[in-house]
Amino acid sequence: MATMNEARLDMYDDGSYSIDPQNVEGDITVGPMRQNTNIEGPEFNTLDEPIRDTILRDVRAVGMKFFLVLYPKEKKSLLKEWDLWGPLVLCTFMAMILQGSTESVNSKDGGPEFAEVFVIVWIGSMVVTLNSKLLGSNISFFQSVCVLGYCLLPTAIALLLCRIILMATQNNYLFVIRFIISMTGFGWATYASTAFLGDSQPEGRKGLAVYPIFLFYFVISWLVISHTT
């Protein structure tokens with residue numbers, strides 16, 4: 001080893017290097033060399049992106065959460081980044097279909113008004129979440145509301161199918177079909193929500209947390225099956 005006066009150092013793409021001993025006087029100390037390959041680009045700022053890209057990114061995120069509800073394999077994926085866009089869309093969609101008929105003052109539709117559906121969905125999900133938190137749930141309030149809202153998707157699909165069936169002349173056979181569709185949506189919504197929220201409850205209290213969820217989706221499914229116009 002020695003000091004280097006003048007030397008030519010050639011570095012190759014694989015990180016190795018060679019030294020030309022020409023014009024080298026004395027000892028040369030050659031130590032390990034580090035090649036910095038971490039090239040940092042400019043920071044990504046969502047304020048600089050077009051509005052179209054922002055909207056498309058949010059729509060894709062909502063769509064992915066809907067898929068997770070229909071296929072609840074990844075239990076923690078829906079809880080990573082909560083949002084209320086999906087629940088708001090589903091609640092508005094169901095309220096528009098379930099609202100009472102305003103064509104006639106003497107209408108005997110009996111369907112709930114638009115605001116009543118909103119109250120049932122949002123207040124109901126908040127009560128279920130509050131019960132879950134009192135039992136010792138380890139997820140946040142808004143995470144629970146997000147899951148309960150997104151898991152309305154099977155019930156909303158059942159409502160849409162029942163609405164299509166109601167376009168035909170009704171009979172007992174069609175009522176049975178609507179009943180089966182409504183109960184399927186109810187069962188899937190309950191299963192999906194408990195799959196996401198079940199692990200957040202302490203052992204021995206899961207039953208107390210699942211029962212209000214069961215009642216919540218049962219009431220909404222009852223609105224679906226009782227809607228006849």
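The residues of the chain are indexed from 1 along the displayed sequence. Model, not experiment: these values are computed from the prediction.
Using a 4.5 Å heavy-atom threshold, the side chains of Asn172 and Val176 count as separate. Inter-residue side-chain proximity for Phe214 and Thr194 is flagged as unmet; no heavy-atom pair is nearer than 4.5 Å. Put simply, the side chain of Val121 does not reach to within 4.5 Å of the side chain of Met94, judged on heavy atoms. Between Phe118 and Thr92, the closest side-chain pair of non-hydrogen atoms falls below 4.5 Å. Taking 4.5 Å as the limit, some side-chain heavy atom of Val224 sits within range of a side-chain heavy atom of Cys162.
In the displayed structure, Phe141 atom CZ is contacted under 6.0 Å by more than 12 heavy atoms of other residues, nucleotides or ligands. At most 12 heavy atoms of other shown residues, nucleotides or ligands fall within 6.0 angstrom of atom CZ in Phe179. Residue Met126 places its CE atom among more than 12 non-hydrogen atoms of other residues, nucleotides or ligands, all under 6.0 Å distant. By the neighbour-count criterion of 12 heavy atoms within 6.0 Å, atom CD1 of Ile164 is densely surrounded, having more than that number from other residues, nucleotides or ligands.
For the residue pair Val62 and Trp85, the shortest heavy atom distance occurs at CG2-CB, 4.0 Å. For Arg178 against Ile225, the heavy-atom pair with the smallest separation is NH1-O, 3.3 Å. Between Gly86 and Phe66, the shortest heavy-atom contact is CA-CZ, 4.0 Å. Thr169 approaches Leu174 most closely through the heavy-atom pair O-CD1, 3.2 Å. Between Pro154 and Gly185, the closest heavy-atom pair is CB-O, 3.6 Å. When all heavy atoms are compared, the tightest approach of Leu90 to Leu153 is CD1-N, 3.6 Å.
The SG atom of Cys151 lies 9.5 Å from the CG atom of Leu70; values are rounded to the nearest 0.5 Å. To the nearest 0.5 angstrom, Ser137 atom OG is 11.5 Å from Leu130 atom CG. Here the CE-CZ distance, from Met183 to Phe218, works out to 6.0 Å after rounding to the nearest 0.5 Å. Distance OG1/Thr155 to CD1/Ile181: 12.5 Å, rounded to 0.5 Å. Residue Leu159 holds its CG atom at 5.5 Å from CZ of Phe93, rounded to the nearest 0.5 Å. Rounding to the nearest 0.5 angstrom, the gap separating the OG atom in Ser125 from the CD1 atom in Ile120 is 11.5 Å.
Evaluation of the ring-ring contact (aromatic ring centres under 6.0 Å, His included) rule for Tyr191 yields Trp188 as partners, not counting sequence neighbours. Here Thr129 pairs with Ser144 under the side-chain hydrogen bond (donor to acceptor under 3.5 Å, both in side chains) rule; sequence neighbours left out. Evaluation of the salt bridge (charged side-chain N to carboxylate O under 4.0 Å, His left out) rule for Asp83 yields Lys65 as partners, not counting sequence neighbours.
Residues Val89 and Leu56 fall into different hydrophobic clusters, defined by Ile, Leu, Val, Met, Phe, Trp and Tyr side chains chained together at heavy-atom separations under 4.5 Å. Both Leu161 and Val69 belong to a single network of hydrophobic side chains, linked directly or stepwise wherever heavy atoms of I, L, V, M, F, W or Y lie under 4.5 Å apart. Side-chain heavy atoms closer than 4.5 Å link hydrophobic residues (I, L, V, M, F, W, Y) into clusters, and following such links, possibly through other members, connects Phe175 to Leu160. The cluster map of Ile, Leu, Val, Met, Phe, Trp and Tyr, joined by side-chain heavy atoms under 4.5 Å apart, puts Val219 and Tyr150 in the same cluster. Ile157 and Ile180 end up in different hydrophobic clusters when Ile, Leu, Val, Met, Phe, Trp and Tyr side chains are linked at under 4.5 Å.
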**OP:** May I have the step-by-step check of side-chain contact (heavy atoms from CB on, under 4.5 Å) for Val127 and Phe216, ending in yes or no?
**Re:** CA-CA 9 Å; Val127 170; Phe216 173 68; over 6 Å; no

**OP:** May I have the step-by-step check of side-chain contact (heavy atoms from CB on, under 4.5 Å) for Leu148 and Tyr217, ending in yes or no?
**Re:** CA-CA 9 Å; Leu148 292 172; Tyr217 290 114; 3.7 Å; yes

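Between Tyr71 and Phe67, the ring-plane angle classifies as tilted under the 30° and 60° cut-offs. The aromatic rings of Trp82 and Phe142 sit parallel to each other, their planes meeting at less than 30°, with 60° as the upper class boundary.
With hydrogens and angles ignored, the 3.5 Å screen pairs a side-chain donor or acceptor of Lys133 with a backbone N or O of Ile139. In terms of modelled atom types and a separation under 3.5 Å, the side chain of Gln170 and the main chain of Ile165 share a donor-acceptor contact.
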